[in-house]
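Below you'll find the structure, written out as structure tokens, and then a few comments.
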Amino acid sequence: MSSFDEDDAFENAVPLSAQAMAARPAPYLDDLNPAQRRAVEALDGPVLMLAGAGTGKTKALTTRIAHLLNTGRARPNEILSVTFTNKAAREMKERVGRLLGQTVEGMPWLGTFHAICVKLLRRHAELVGLKSNFTILDTDDQIRLLKQLIVAENIDEKRWPARQLSGLIDHWKNRAWTPDKVPASEASAFNHRGTELYDYYQQRLKALNAVDFGDLLLHVLTIFQEHEDVLAQYQRWFRYILVDEYQDTNVAQYLWLRLLAQGHRNICCVGDDDQSIYGWRGAEVGNILRFEKDFPGAEVVRLEQNYRSTPHILGAASGVIDANQGRLGKELFTDLPEGEKVRLIGHWDGEEEARWIGEEIEAMAGGTRGMRRVGLDEMAILVRASHQMRAFEDRFLTIGLPYRVIGGPRFYERMEIRDAMAYFRLAVSPDDDLAFERVVNTPKRGLGDKAQQKIQVMARSQGVSLADGARLLLQDKGLTGKGATELRILVDAIARWNDAVRAGEGSHIELAETILEESGYTAHWQNDKTPEAPGRLENLKELVKALEQFENLQGFLEHVALIMDRDSDDDGAKVSIMTLHGAKGLEFPAVFLPGWEDGLFPSQRSMDESGLKGLEEERRLAYVGITRAEEICTISFAANRRVFGQWQSALPSRFIDELPSRHVEVLTPPGLYGGGYGAAGMAASASPKMQQEAGSDLHERAASSNVYNSPGWRRLQARSAERPVSQPRENRNMVIDATAVSSFSEGDRVFHRKFGYGEVQGVEGDKLDIAFEKSGNKKVVAKFVVDAANADDVPF
DNA sequence: GGACTGACCATTTTT
DNA sequence: TGGTCAGTCC
């Protein structure tokens, strides 16, 4: 459920008048290279900006907006500019503002497809049988609803899970198929009941006055298609249209854009066909490939100068992407110094890979790798699938290497969870003003803006927290009536909870439940009759359950704060771990790309389900991965990996074959099998199944029975022969001096970078069993803890 | 209602 | 292997 402001979208009074703007100079243009400049100055008519990775796409796009405003071609509220994520929208707003040297108010139509559609749909909801205060269901709500439908229809929910139906409906909505437009070829979907259930589902949504994410677009599209007058109004209003990440648009979005652009054709689409990685959720690379046909006479501008990566990195990336068919074609170049070659290394198994990368990161962070020191937050590990993250987390936890997982669970971002957390925060620290602000009137306590302002004023004048300010305000009788009574109850409750926390008696789980009860928050959702309420309650239950793994509320809050605040998480530098998808649009000086094995990357499933198309998308993913790196890019693979508890062997990824050798340096894995690639070991462990699978596909690989005949393999061997020795990296001073290691014994108070303070419970060889104050009992290698008295000496 | 058990299954993810 | 889910038992 989200709320969007109705603002000055259609008002003419805007901060920048056309005349005033037209007179302004355009110093920002001098900042652009020739291609960027052309993309910015070609204001009228259709423009396709093909922007390779790291070529200053956002700069060109935002400068273009600034230029539109500056030349007086459009007012801020006449520019429609769409992005895919809120983050991108935020960034664009900021940058346009910076370019113009002022806050750009009134760019109401700069936002995500979804946010813009919400605005439009609220205006015209009645045209599709909704009321303008419709609620927006998230994926969870959607699945719950579908489940109800499936059960009501007496369908075996085991065989035909709601999740699958939800995926199917999303797929159809992405293609702009309303229930009546789903083609006959789809009739057999979901046990021949797919279309029927889709229809029921839409009826149900309408009855609930609700929409799902797909509907936002689809309803607006329907309105545009069926109400010419409405469409015409917007065609006139949006004088200029800009679209970011055009290669990610799906059919519905494409149709939507095409309708809006039909009149003036002032549409500028920015994208990179080589970075299209969302085909699996409906994106159509075809949209960008077809642009010139859709908009004849379109100007195509290629941004090819890369400002991010070294020539070796770019060369490696181009080598890979060259293998794809039907590209629009771009050749990236850079002025940057040559730098290091892309490094390639094979490992015995996944754990070894994680260990090596951990050491490498420590070496780079410690400046002992013979290159400049690289900060932890300048490094990232990009994986194909999130389950790969685990090996790294385990390893980094043990060695105390700070890391952050990006794009993790979204659970803690949910409104009800955040509300509940705010109550917990108040219980732990009543001075937490942000938490107080968040929940002071949730549930509704009759404390509106006025009352809250009074509290603020009181708190500020007395220099106390909001909770204390509220108490003073009540003492002064500065508030009366229902609000005062309610506020009294809240303030007293907070004090009581805080006492309970401080006394540390009783279970923190019970306390949490008490807090949710006494605050009226649980009741608030129990009384809520909207379709999402049951889900919210369930989430709250889950939240309480999550508390069990912690010893107290403080420990829990600390833990959640770490995973929640991606941005404000500045308590020191950390290595980022994320998926390749999640890394799109980001860049790091040093990037690790582990798990380059056939079957894992490219993913077997992609290839099975989507054939060559799937493989090409995987290849684009590889391209995206490599081009995230600015200076150092390290690709690795493991011969063996545990998959669902079973050991499996795999061959190096076919993408490795595609890396041009002149841009690659092969490192031999240190230790274990004494240089060389340990081919014998690899072959011995390769399961017959994997060998067959790996050899049987689209790719021209060597005969399946012989691992050594594959071109990639031969090349690897040749390469490692060229440069057989890895540099030994002894004595990495990242870790605490070895003399400290042996000195721990039972009862010692120690400190660990990740787990904090604790007491040694037992010693087994070099492993210590430690009871940590906040994280519970853990076994940790001795050299990663220090005596509590020396906690300041911990590295990083 | 909550604890336990066995079956099942297992990319990528934003809105 | 391990997380989720539904069914079962107290």
Side-chain angles (χ1 to χ4, degrees), chain A residues 1-2 4 82-89 111-119 121 136-144 147 151 156-159 161-164 166-167 170-171 173-174 211-220 244-245 248-250 252-253 275-283 350-351 382-391 394 406-410 413-414 509 513 538 541-542 544-546 548 578-585 595 597 599-610 614 617-622 624-625 641-648:
Chain A
M1 199 174 67
S2 8
F4 293 79
V82 246
T83 63
F84 274 85
T85 63
N86 289 313
K87 195 176 154 209
T112 62
F113 275 103
H114 296 268
I116 287 167
C117 283
V118 171
K119 273 190 184 164
L121 192 55
I136 303 163
L137 304 190
D138 65 19
T139 313
D140 267 25
D141 304 323
Q142 185 195 27
I143 288 175
R144 243 188 304 279
K147 194 176 273 183
V151 173
D156 181 2
E157 208 236 315
K158 268 237 141 75
R159 287 189 55 195
R163 195 159 265 299
Q164 190 190 327
S166 139
D170 278 349
H171 174 71
K173 287 185 174 175
N174 285 338
V211 299
D212 62 22
F213 289 125
D215 283 341
L216 288 173
L217 255 140
L218 204 42
H219 282 323
V220 174
D244 194 12
E245 307 280 16
D248 288 339
T249 49
N250 61 34
Q253 288 158 340
Q275 293 188 65
S276 162
I277 55 175
Y278 286 108
W280 50 274
R281 67 177 197 214
E351 272 129 73
L382 311 183
V383 296
R384 172 65 244 265
S386 46
H387 64 76
Q388 288 172 264
M389 293 179 179
R390 195 189 192 109
D394 283 352
I406 295 183
R410 222 152 285 282
E413 287 175 25
R414 293 167 169 277
I509 297 166
E513 281 165 344
E538 248 179 79
K541 250 201 243 164
E542 257 183 85
V544 173
K545 215 174 135 201
E548 287 168 14
M578 63 183 103
T579 62
L580 287 160
H581 286 93
K584 188 159 151 220
E597 295 128 42
L600 181 59
F601 187 43
S603 126
Q604 193 59 51
R605 192 156 157 189
S606 273
M607 295 186 292
D608 290 347
E609 285 176 6
S610 314
E617 183 154 313
E618 295 285 305
R619 192 176 279 116
R620 291 193 289 268
L621 208 43
V624 167
R641 206 175 275 284
R642 265 173 115 104
V643 184
F644 309 140
Q646 307 273 85
W647 281 100
Q648 294 205 325

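Proteins get letters first, then strands, A, B, ... in listed order; numbering begins at 1 in each. Note that these values count all heavy atoms, side chains included, but never hydrogens, waters or copies made by symmetry.
- Listed by chain and number, the residues in a salt bridge (charged side-chain N to carboxylate O under 4.0 Å, His left out) with A:Glu609 are A:Arg605 (sequence neighbours excluded).
- With sequence neighbours left out, A:His171 forms a side chain to side chain donor-acceptor pair (under 3.5 Å) with no residue at all.
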Just the table, please: protein N/O against nucleotides 1-5 of chain B N/O, every pair under 3.5 Å.
none

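- Between the side chain of A:Glu617 and the backbone N or O of A:Gly279 there is at least one donor-acceptor pair closer than 3.5 Å.
- With sequence neighbours excluded, the residues forming a side-chain contact (heavy atoms from CB on, under 4.5 Å) with A:Asp394 are A:Arg390, listed by chain and number.
- With hydrogens and angles ignored, no donor-acceptor pair closer than 3.5 Å exists between the side chain of A:Arg384 and the base of B:dT11.
- Within the 4.0 Å cut-off from OP1 or OP2 of B:dT12, at least one side-chain nitrogen or oxygen of A:Ser386 is found.
- In this structure, the CD atom of A:Gln164 is 10 Å from the P atom of B:dA10, given to the nearest Å.
- Residue ring and nucleobase are stacked for A:Trp280 and B:dT12, with a centre distance beneath 5.5 angstrom and an angle between planes beneath 30°.
- Looking at residues two or more places apart in sequence or on another chain, you find a side chain to side chain donor-acceptor pair (under 3.5 Å) between A:Glu618 and A:Arg384, A:Ser606.
- Listed by chain and residue number, A:Thr139, A:Leu146, A:Ser166, A:Asp170, A:Tyr201, A:Asp212 satisfy the side-chain contact (heavy atoms from CB on, under 4.5 Å) test with A:Gln142 (two or more places apart in sequence, or in another chain).
- Within 4.0 Å (heavy atoms only), A:Thr579 reaches sugar-phosphate atoms of the nucleic acid but no base atom.
- Across all strands shown, A:Asn86 has heavy atoms under 4.0 Å from sugar-phosphate atoms exclusively, and none from any base.
- Partners of A:Ala583 under the side-chain contact (heavy atoms from CB on, under 4.5 Å) rule, at least two apart in sequence or in another chain, are A:Leu382, A:Met578, A:Arg628.
- Remark: A:Glu245 engages A:Lys57, A:Lys584 in a salt bridge (charged side-chain N to carboxylate O under 4.0 Å, His left out) (not counting sequence neighbours).
- Counting any heavy atom pair closer than 4.0 Å across all strands shown, A:Gln142 reaches no nucleic acid atom.
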Give the B/S/- string for nucleotides 1-10 of chain C, one per nucleotide from 5' to 3', where a protein heavy atom under 4.0 Å of the base yields B, of only the sugar-phosphate yields S, and otherwise -.
BSS--S----
